[in-house]
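Presented below is the structure to which this report refers.
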Protein chains: 2
Amino acid sequence: MLEMTFKALGEPTRLRILRLLADRELCVCDLEEILAINQPRISQHLKVLKQAGLVKERREAQRRICSFDREAFEQVFEEFNLYMKVPLNELPGFQDEYERMVNLDENTCEKKIRKKTSKKQ
Amino acid sequence: MLEMTFKALGEPTRLRILRLLADRELCVCDLEEILAINQPRISQHLKVLKQAGLVKERREAQRRICSFDREAFEQVFEEFNLYMKVPLNELPGFQDEYERMVNLDENTCEKKIRKKTSKKQ
DNA sequence: TTCGTATATAAGCATGAGCTTATAATAACA
DNA sequence: TGTTATTATAAGCTCATGCTTATATACGAA
């Protein structure tokens, strides 16, 4: 999920779309006109932004009116802070890494060298 | 710059590397061992993270010891907040968009329709 | 100077991502 | 029902990105 959000943000056109939606809600054809970009391109980027949870949409007749989902956005950054601060052994998907990291404590890059040189003696 | 940072964060292996570096500084060969990933792959990802300003490195003999640059990281998010909050017409690279957006005020999607239908009358 | 260790870089490949053009789907309306 | 407006999706292309293997570079130690 984190990855998805950052990937969505890591593209210039999507950043621009998001910036505009931060000002006010806009439908696809408004974005098309403001950014001077064709419709499929807008739609495709909006899809990515919606999947990442950064944009929400409301329907009105044929139009899909999009807006920046500020709450969801801030939640993502909560999630990221958690990811970076929670102890490694409590993070799902880091079990092996945790063990190898602990193991490294007695086997650091530097210490490995010392061991090898002492063996040779 | 914003784009670069988000792009760097939008990749699973790089996110993992960054997570580990948030715990403590590590050299390439440590990361190699902890993540069970080959050396060039680690180096290439570190390069991206360094270029994005998320990781800094210190040299010690042949080793490059990497760490998470928390300050630079937080600056990026300041920058992002600014980007999202500063008035559009003050944002470089949004001049045309600003004008077209203002113009849209009297020419919204809905209003355009009304105009067209009233013309027909 | 020669060798080993740590890291960077290059080349080649496969996959992914963004763009354009064309077409489909949906909804209001005559 | 047929037409128009709005948006979504598909196909094809090109370029970017990540991975692997092989090689180069930098540094220390013998």
Side-chain angles (χ1 to χ4, degrees), chain A residues 3-4 6-17 25-52 55-66 104 107-121, chain B residues 3-4 6-17 25-52 55-66 104 107-121:
Chain A
E3 185 199 333
M4 213 177 170
F6 288 130
K7 205 167 276 179
L9 289 169
E11 207 278 339
T13 306
R14 282 196 292 268
L15 260 185
R16 297 175 79 76
I17 292 177
E25 55 177 28
L26 293 163
C27 69
V28 177
C29 74
D30 289 336
L31 286 167
E32 205 181 331
E33 195 166 326
I34 297 175
L35 288 167
I37 280 179
N38 63 36
Q39 178 265 314
R41 204 174 140 194
I42 299 279
S43 282
Q44 286 158 6
H45 284 306
L46 278 173
K47 189 177 181 183
V48 176
L49 288 168
K50 279 182 268 180
Q51 284 171 341
V55 164
K56 58 188 172 188
E57 88 176 14
R58 163 171 79 77
R59 298 198 173 197
E60 198 168 289
Q62 313 100 319
R63 269 167 271 112
R64 319 281 169 108
I65 300 178
C66 301
L104 211 69
N107 211 15
T108 322
C109 211
E110 299 99 274
K111 292 184 185 171
K112 264 185 286 184
I113 296 167
R114 282 184 219 129
K115 281 185 185 175
K116 281 181 187 172
T117 50
S118 57
K119 272 182 189 172
K120 284 180 183 175
Q121 287 170 346
Chain B
E3 186 199 332
M4 213 177 171
F6 288 131
K7 205 168 277 181
L9 289 169
E11 206 278 339
T13 307
R14 283 195 291 267
L15 259 186
R16 298 175 78 76
I17 291 177
E25 55 177 28
L26 292 164
C27 69
V28 177
C29 73
D30 289 336
L31 286 167
E32 204 181 332
E33 194 166 326
I34 296 174
L35 288 166
I37 282 179
N38 63 35
Q39 179 265 313
R41 205 174 140 193
I42 299 279
S43 283
Q44 286 158 6
H45 284 305
L46 278 174
K47 189 177 181 182
V48 176
L49 289 168
K50 279 182 268 179
Q51 283 172 341
V55 163
K56 58 187 171 189
E57 88 178 12
R58 163 171 78 78
R59 298 197 174 198
E60 199 167 290
Q62 313 101 319
R63 269 167 270 113
R64 320 280 171 110
I65 300 178
C66 302
L104 211 69
N107 211 15
T108 324
C109 211
E110 299 98 273
K111 293 183 185 171
K112 266 186 285 185
I113 296 166
R114 280 184 220 126
K115 282 186 185 175
K116 281 182 188 173
T117 50
S118 57
K119 273 181 189 173
K120 283 181 185 174
Q121 286 169 350

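The sequence lines fix the lettering, A, B, ..., with proteins before strands; numbering per chain opens at 1. All of these numbers come straight from a predicted model, not from anything done at the bench.
- Remark: A:Arg14 is in phosphate contact with C:dG18, judged by side-chain N or O atoms under 4.0 Å from OP1 or OP2.
- The closest side-chain heavy-atom distance from A:Ser43 to A:Val28 is below 4.5 Å.
- For C:dA17, the OP1/OP2 oxygens have no side-chain nitrogen or oxygen of A:Lys47 closer than 4.0 Å.
- Picking from C:dA17, D:dT17, D:dT7 the nucleotide with the shortest atom distance to the side chain of A:Lys7 gives C:dA17.
- Side-chain nitrogen and oxygen atoms of B:Arg59 include none within less than 4.0 Å of the OP1 or OP2 phosphate oxygen of C:dT7.
- Checking B:Arg64 against A:Val48, the closest nucleotide of DNA chain C that is more toward the 5' end is the one next to B:Arg64.
- A:Gln44 comes within 4.0 angstrom of a base, heavy atoms only.
- Comparing atom distances between the B:Gln62 side chain and each of C:dA22, D:dT21, C:dT5 picks out C:dT5 as nearest.
- Checked against D:dA8, C:dT20, D:dC19, the side chain of B:Arg41 finds its nearest nucleotide in D:dC19.
- Looking only at side-chain heavy atoms (C-beta outward), B:Lys47 and B:Gln51 come within less than 4.5 Å of each other.
- Between the side chain of B:Gln39 and the base of C:dA6, no donor-acceptor pair of N or O atoms lies under 3.5 Å.
- In this structure, the CE atom of A:Met4 is 14 Å from the C1' atom of C:dA17, given to the nearest Å.
- Between the side chain of A:Glu11 and the backbone N or O of A:Arg14 there is at least one donor-acceptor pair closer than 3.5 Å.
- When the P atom of C:dC19 is taken as reference, atom CD1 of A:Ile37 falls 7 Å away, rounded to whole Å.
- Closest to the A:Glu11 side chain, of the nucleotides C:dT9, D:dG28, C:dG18, is C:dG18.
- Contact annotation: A:Thr13 side-chain N/O to C:dC19 OP1/OP2 distance is under 4.0 Å.
- Of all the heavy atoms in B:Glu32 and B:Ile37, the pair that sits closest is CG-O, 2.9 Å.
- A close approach under 4.0 Å does occur between a side-chain nitrogen or oxygen of A:Ser43 and OP1 or OP2 of D:dA8.
- Contact check, B:His45 against D:dT17: no side-chain N or O comes under 4.0 Å of OP1 or OP2.
- Side chains of B:Leu49 and B:Ile17 form a contact here, defined as non-hydrogen atoms less than 4.5 Å apart.
- Nucleotide D:dT7 holds its P atom 13 Å from the CD1 atom of A:Ile17, rounded to whole Å.
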